[in-house]
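Encoded as C-alpha cells, the structure appears first; notes follow it.
The model shown is predicted, which means the values in this text are computed figures rather than measured ones. FYI, side chains are in, hydrogens and waters are out, and symmetry mates aren't considered; it's all heavy atoms of this structure.
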Amino acid sequence: MTIARASAAADDEASEEVAMGAPSDEPAADEPATAGEHDEHVWFTAIVHEHSRALVRYFARRGPRQDAEDLAAEVFTTAWRRRDDVPREAVLPWLYRTAGFTLANHRRKHVDLPVEEVPEDGRTARVAADPELSALFDAELRGALESVGERDRRILLLHAWEGLDGEELAAVLGISRSGADAALSRARKRLREAWGERLTF
C-alpha cells in the first residue's frame, strides 16, 4: 500500500461507514458530508502531506528502502482509524511512536525463531544485523552504538536523525518530559563511555 492509497482508503472507509447503515436520523450516503467529516478529511490530508517524507525517511534509515513507503502508509492508515486518539498538538511524535510499533511488527515477521526461543516478556527478538547500524558509514560510531542498549540507541537515533527532544521525544517514548530528558542524558553518557573505550584500544 502506498501513502496515496492510504489517503484514498480513508476516503473509501468514510464512504462505507455512511453507506453501511447509519441510523435514520443521520444523513444518507448520497447526502453531503457533515462539516465534521469534511474537517477530518482536511486534517488527515494535511498530515499526510506534511509528515509523509519524515515517516518514509524514518523507515528508510531503519530497514530496506523498498519497504519504507508501505510501512509509512501503514502508519497513516492507523492514524486514520484512530484519528480520535491522535493528539492534534503532537501529531508527528504520535506518528513516530506508531512507526516504532509498526517497524517492530514488520521485523518480527522476518525473524525465523523457534517458539521456545521467543522472549517471554514480549520483546522483539534481536535482528542479527541491525539495519539502523548499517546506515552508518563510520565503523567506530557504529561499534559504539552497537554496544549501548537497544533503548539507548533508539533514543539517540530519534534525537540525531529525527531531531526530537523535550516534549516530542517524551511523547514518542510514552514518558514524561523530565523522564525523556534524563533518558537522553543517560544515553549520551553511555555512548560517550562506549566511544571512549573504543578509542583506548
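Within the model, atoms CD of Glu69 and OG of Ser52 stand 8.0 Å from one another, a figure rounded to the nearest 0.5 Å. For the atom pair Leu71 CG and Asn105 CG, the distance stands at 10.0 Å (nearest 0.5 Å). Rounded to the nearest 0.5 Å, atoms CZ (Arg108) and CG (Leu103) are 10.0 Å apart. To the nearest 0.5 Å, atom CG of residue Asp152 and atom CZ of residue Arg188 are 12.0 Å apart. Separating the CZ atom in Arg153 from the CG atom in Leu145 is a distance of 7.0 Å, to the nearest 0.5 Å. In this structure, CZ on Arg83 lies 12.5 Å from OG1 on Thr78, to the nearest 0.5 angstrom.
Residues satisfying the side-chain hydrogen bond (donor to acceptor under 3.5 Å, both in side chains) test with Arg186, not counting sequence neighbours, are none. Every residue meeting the side chain to side chain contact (heavy atoms under 4.5 Å, CB included) condition with Val56, not counting sequence neighbours, appears here in chain and number order: Ile3, Ala68, Ala72. Residues passing the ring pair (Phe, Tyr, Trp, His ring centres under 6.0 Å) test with Phe59: none are found, sequence neighbours excluded. Here Arg97 pairs with nothing under the salt bridge (Lys or Arg N to Asp or Glu O under 4.0 Å) rule; sequence neighbours left out. In this structure, Arg53 has no side-chain hydrogen bond (donor to acceptor under 3.5 Å, both in side chains) partners at least two apart in sequence or on a different chain.
Considering only heavy atoms from C-beta on, Arg154 comes within 4.5 Å of Leu158 through its side chain.
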(request) Could you walk me through whether Asp181 and Arg177 pass the side-chain contact (heavy atoms from CB on, under 4.5 Å) test, one step at a time? (result) CA-CA 6 Å; Asp181 289 343; Arg177 165 71 188 263; 3.2 Å; yes

(request) With salt bridge (charged side-chain N to carboxylate O under 4.0 Å, His left out) as the test, would you mind laying out the steps for Glu193 and Lys189 before giving the verdict? (result) CA-CA 6 Å; Glu193 290 170 353; Lys189 180 175 182 287; 2.7 Å; yes

(request) Show your working on side-chain contact (heavy atoms from CB on, under 4.5 Å) between Ile47 and Val86 and close with a plain yes or no. (result) CA-CA 11 Å; Ile47 71 163; Val86 180; 5.7 Å; no

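Residues Trp161 and Leu191 share a hydrophobic cluster, clusters being chains of Ile/Leu/Val/Met/Phe/Trp/Tyr side chains in contact below 4.5 Å. Leu92 and Ile175 fall within the same hydrophobic cluster, where Ile, Leu, Val, Met, Phe, Trp and Tyr residues are linked whenever their side-chain heavy atoms come under 4.5 Å apart, directly or through other members.
Cation-pi geometry between Arg88 and Trp43 is met: the NZ or CZ atom falls under 6.0 Å from the ring centre, inside 45° of the normal.
Thr45 places no side-chain N or O within 3.5 Å of a backbone atom of Val42 that could act as its donor or acceptor partner.
Annotation for Arg65: atom CZ does not count as buried by contact number, only 12 or fewer foreign heavy atoms lying within 6.0 Å.
Contact detail for Val172 and Pro93: the closest heavy-atom pair is CG2-O, 3.4 Å. When all heavy atoms are compared, the tightest approach of Tyr96 to Ala54 is OH-CB, 3.5 Å. Here the closest heavy-atom approach between residue Leu95 and residue Ala79 is recorded as CD2-CB, 4.0 Å.
Separation of the Trp94 and His51 ring centroids does not fall under the 6.0 Å cut-off.
Between Phe44 and Phe76, the ring planes are perpendicular. Angles over 60° get that label, and only those under 30° would be called parallel.
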Show the atom names and distances, to 0.1 Å, of all donor-acceptor pairs under 3.5 Å that link a side chain in residues 162-170 to residues at least two apart or in another chain.
unit_1 : atom_1 : unit_2 : atom_2 : d
Glu162 : OE1    : Arg62  : NH1    : 3.4
Glu162 : OE1    : Arg62  : NH2    : 2.9
Glu162 : OE2    : Arg61  : NH1    : 2.8

